[in-house]
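Read the numbers this way: they start at 1 and go in the same order the structure lists the ligands and their atoms. Count residues from 1 along the sequence. Just so it is clear, the structure is predicted and the values come from calculations on it, not from any experiment.
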Amino acid sequence: MALLPSMYIRDSADHVGEAVKLAGWVYNKTEKGKLVFIQLRDGTATIQCVVFKKNVSEEVFARAKELTQESSCYIHGTLRADERSSLGFELDVTDIEIVHLTQNYPITPKEHGTQFLMEHRHLWVRSAKQHALLRIRAQVIAAAQEYLNSEHFVRYDSPILTATAAEGTSDLFATEYFDLGNAYLAQTGQLYVESGMATFGRVYCFGPTFRAEKSKTRRHLTEFWMIEPEFAFADQDDNMELQENFVSYIVQRVLDRCEDDLKILERDTSKLENIVPPFPRISYDEAIEKIKEGVAAGATVAPDNAPLAPLEWGDDFGAPHETYLASLFDKPLFIYNYPTKVKAFYMQPAEGRPEVVRCADLIAPEGYGEIIGGSQRIHDAELLEARIREHGLDVADYQWYLDLRRYGSVPHSGFGMGIERCVAWLAGTRHIREAIPFPRQLYRIYP
Ligand code: 4AD
Ligand code: MG
């Protein structure tokens with residue numbers, strides 16, 4: 001005997017008038033005399049199931065009364081269209097089979113503190129808002145891959161255990177690797193997708209990446225998922241064009257496919273609807289000027305209205321600077337050509353201006369911060385080797401990477417988008433810890 005239900009709640013429109021068998025968990029329950037209302041969720045959606053005493057046997061009515069929050073069960077009944085319900089459908093119950101009767105579910109409809117909820121993350125993910133967030137996450141990932149696949153990018157997976165650093169040595173997680181010394185958890189797949197770039201022309205990797213950053217901000221995780229396209233015969237202008245098309249596609253797909261989820265999250269979608277190419281672009285130099293003007297005018301930065309801190313040319317931006325700059329625009333903002341000394345070793349210097357590199361960060365609107373970091377890569381073997389040395393890295397470890405510049409080198413570019421940062425922005429959630437099922441943070445590894 002198979003265990004599946006006869007249908008999923010999301011497909012209700014196709015089953016009106018039919019006798020159906022649903023399977024799921026009790027989200028909530030209310031009783032009113034001869035009526036029991038069960039909110040049943042099956043993961044695809046939630047439906048109200050109406051148990052009317054006179055329509056069912058005494059045992060079934062007793063079972064309905066016995067059901068508790070998060071009990072698992074099958075509910076049989078007739079599906080009916082109902083305009084008053086948020087789903088548009090209700091179930092008139094004829095039978096109930098209890099699969100597991102839950103006692104004392106820890107997360108009740110009352111308010112709980114974040115600390116408590118994080119400790120119960122394995123259960124918290126069942127709640128409506130978390131469910132909505134994680135559905136949006138799944139759609140962001142699906143849309144990102146759809147877009148790249150349709151543009152001839154081939155998925156090319158990069159290793160997680162690596163021998164070397166790619167994004168600076170200060171935030172590496174190390175682990176012993178048999179007799180071969182230390183291995184490091186990948187901070188990025190980029191160096192490896194560069195080899196795929198010369199194999200397929202256009203590639204991307206997608207997977208978890210790790211940063212042992214001791215930062216406790218709402219934008220940092222120690223384990224996050226990144227999608228990293230890399231393409232041949234492409235400079236930084238081509239790169240920004242790809243990014244704005246890519247991001248716009250994802251936003252429009254999420255608006256299309258996650259309407260209910262965005263509603264549950266009370267997301268103001270009007271701000272997302274106008275996310276279409278082109279995106280504004282300002283150079284790092286211009287950004288510094290705008291910050292200086294802002295400081296002079298006494299600008300403050302949301303959410304706590306702290307005064308904008310002064311910056312000099314050559315400094316990297318802090319999150320408040322990014323938030324301030326982004327607030328001047330209503331679309332994601334490219335800031336390009338950063339000082340060479342604040343960026344990674346592999347970035348191509350700007351022509352005639354070696355103090356800046358051909359890179360850009362893409363800053364989301366509404367204070368969600370950097371969602372993409374990308375650049376044109378150095379394609380000259382000698383220059384790249386010099387950069388590796390300047391950064392105090394061992395050239396012997398990077399011979400394979402230098403080979404990519406020795407055999408059929410081409411100008412190429414790429415970028416990495418952090419999935420959680422993108423999800424937090426689209427879902428409108430301030431802290432990225434809710435944009436992943438099990439966040440890994442400085443003070444959190446359980447559950
Ligand atoms: O700017 P990052 O460090 O760039 C790279 O790793 C490049 N190798 C990517 C490439 O060119 N292929 O990181 C890229 C993105 C950031 O814009 C951000 O969205 C996300 O990864 N990110 C993080 N997300 C969550 N927690 C962290 N600690 C993150 N660090 C970076
Ligand atoms: Mg970055």
Does Arg430 count as lying over the ring of Tyr368, i.e. NZ or CZ under 6.0 Å from the six-ring centre, within 45 degrees of the axis?
-> yes

Side chains of Arg440 and Leu221 in contact at under 4.5 Å (non-hydrogen atoms) | no

Is Met226 touching ligand 1 with its side chain, its backbone, both, or neither, if touching means heavy atoms under 4.0 Å apart?
-> side chain

Atoms of ligand 1 under 4.0 Å from any heavy atom of Leu221, numbered from 1 in the order shown, are 25 (C), 26 (N), 27 (C), 28 (N)

Under 4.5 Å between any side-chain heavy atoms of Trp313 and Asp285, yes or no?
-> yes

Within a distance under 4.0 Å of any heavy atom of Tyr346, pick out the atoms of ligand 1 and give their elements.
-> 7 (C), 8 (N)

Is the distance between the ring centroids of Tyr346 and Tyr398 under 6.0 Å?
-> no

Check each atom of ligand 1 against the heavy atoms of Arg219 and keep those under 4.0 Å away; list them by number with element.
-> 25 (C), 26 (N)

Step through it carefully: locate the ring centre of Tyr338, locate the ring centre of Phe317, and say whether they are under 6.0 Å apart.
-> yes

Which ligand 1 atoms does Ile432 reach within 4.0 Å, using its non-hydrogen atoms?
-> 25 (C)

For Val193 and ligand 1, answer yes if some heavy atom of the residue is under 4.0 Å from a ligand atom, otherwise no.
-> no

Ligand 1 to Phe224 polar contact by distance, N or O atoms, under 3.5 Å = no

Would you mind listing which atoms of ligand 1 come within a distance below 4.0 Å of any non-hydrogen atom of Thr188?
-> 6 (O), 8 (N)

What atoms of ligand 1 come within less than 4.0 Å of a heavy atom belonging to Glu213?
-> 28 (N)

Identity and distance of the protein heavy atom lying nearest atom 18 (C) of ligand 1 = Arg421 NH1, 3.5 Å

So, do Thr46 and Leu40 sit near enough that their side-chain heavy atoms are less than 4.5 Å apart?
-> no

Under-4.0 Å heavy-atom contact with ligand 1, by part of Arg377 that carries it = side chain

Numbered in order shown, the ligand 1 atoms found under 4.0 Å of a heavy atom of Ile372 are 17 (O)

Taking distance alone, with no angle check, do Ser375 and ligand 1 share an N/O pair under 3.5 Å?
-> no

For ligand 1, which atoms sit closer than 4.0 Å to a heavy atom of Glu228?
-> 8 (N), 9 (C), 10 (C), 12 (N)

With under 30° as parallel and over 60° as perpendicular, where do the rings of His120 and His122 fit, or are they tilted in between?
-> parallel

Pick one of side chain, backbone, both or neither for how Glu370 approaches ligand 1, counting any non-hydrogen atom pair under 4.0 Å.
-> both

Report yes if some N/O of Ile371 lies less than 3.5 Å from some N/O of ligand 1; otherwise report no.
-> yes

Answer yes or no for Glu167: is there a heavy-atom contact with ligand 1 below 4.0 Å?
-> yes

Option whose closest heavy atom lies nearest to atom 2 (P) of ligand 1, chosen from Gln190, Glu194, Gln187, Arg211 = Arg211

Residues Lys271, Asp330: salt bridge by 4.0 Å N-O rule = no

May I ask you to check whether Trp400 and Tyr192 place their ring centers less than 6.0 Å from one another?
-> yes

Can you check whether Glu167 reaches Lys343 side chain to side chain, under 4.5 Å on heavy atoms?
-> no

Validation row, ring centre Tyr204 to ring centre Phe153 under 6.0 Å = no

Looking at Tyr249, does the NZ or CZ of Arg253 lie under 6.0 angstrom from its six-membered ring centre and within 45 degrees of the ring axis?
-> yes

Is the distance between the Mg ion (ligand 2) and the nearest N/O/S atom of Glu370 smaller than 2.8 Å?
-> yes

Indicate the ring-plane relationship of Phe206 and Trp225, choosing parallel, tilted or perpendicular according to the 30° and 60° boundaries.
-> tilted

Between Glu230 and ligand 1, is there a nitrogen or oxygen pair with a distance under 3.5 Å?
-> no

Min over Gly374, Ala435, Pro439, Gly416 of heavy-atom distance to atom 10 (C) of ligand 1 lands on Gly416

Does ligand 1 have a heavy atom under 4.0 Å from the side chain of Tyr368, from its backbone, from both, or from neither?
-> neither

